[in-house]
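Before any comments, here is the structure.
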Amino acid sequence: MGMLRKLVASGVAAKVVQELQKPQNQAKIKKFIRDYQAKNKGGRGGGTTGRGY
């Protein structure tokens with residue numbers, strides 16, 4: 001059973017690598033990262049607020 005799990009996991013990993021190599025998917029990933037960083041950068045206010053300090 002463990003061997004089957006490893007086989008499936010390696011197949012999934014190979015498919016993910018193939019998809020990541022496509023230019024349109026690379027552009028989507030870069031856009032997602034930019035948007036995520038922009039959202040997190042603007043949303044921080046007090047820094048230590050709410051952490052029990």
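Given the structure is predicted, the values throughout are model-derived calculations rather than measurements. Residues take their numbers from the sequence shown, with the count starting at 1. Only heavy atoms go into these numbers, but all of them, side chains included; no hydrogens, no water, no symmetry mates.
Between the OH atom of Tyr36 and the NZ atom of Lys41 there is a distance of 13.5 Å, given to the nearest 0.5 Å. The distance from atom CD1 of Ile29 to atom CD of Gln24, rounded to the nearest 0.5 Å, is 10.5 Å.
Taking all atoms of both residues into account, the shortest heavy-atom contact from Gln21 to Gln26 is O-NE2, 3.6 Å.
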Task: side-chain contact (heavy atoms from CB on, under 4.5 Å) between Leu7 and Met3, worked out - done: CA-CA 6 Å; Leu7 185 63; Met3 187 173 162; 5.8 Å; no

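Using a distance-only test at 3.5 Å, with no hydrogens or angles considered, no donor-acceptor pair links the side chain of Asn25 to the main chain of Leu20.
Using a 4.0 Å cut-off between charged side-chain N and carboxylate O, Lys39 and Asp35 make no salt bridge.
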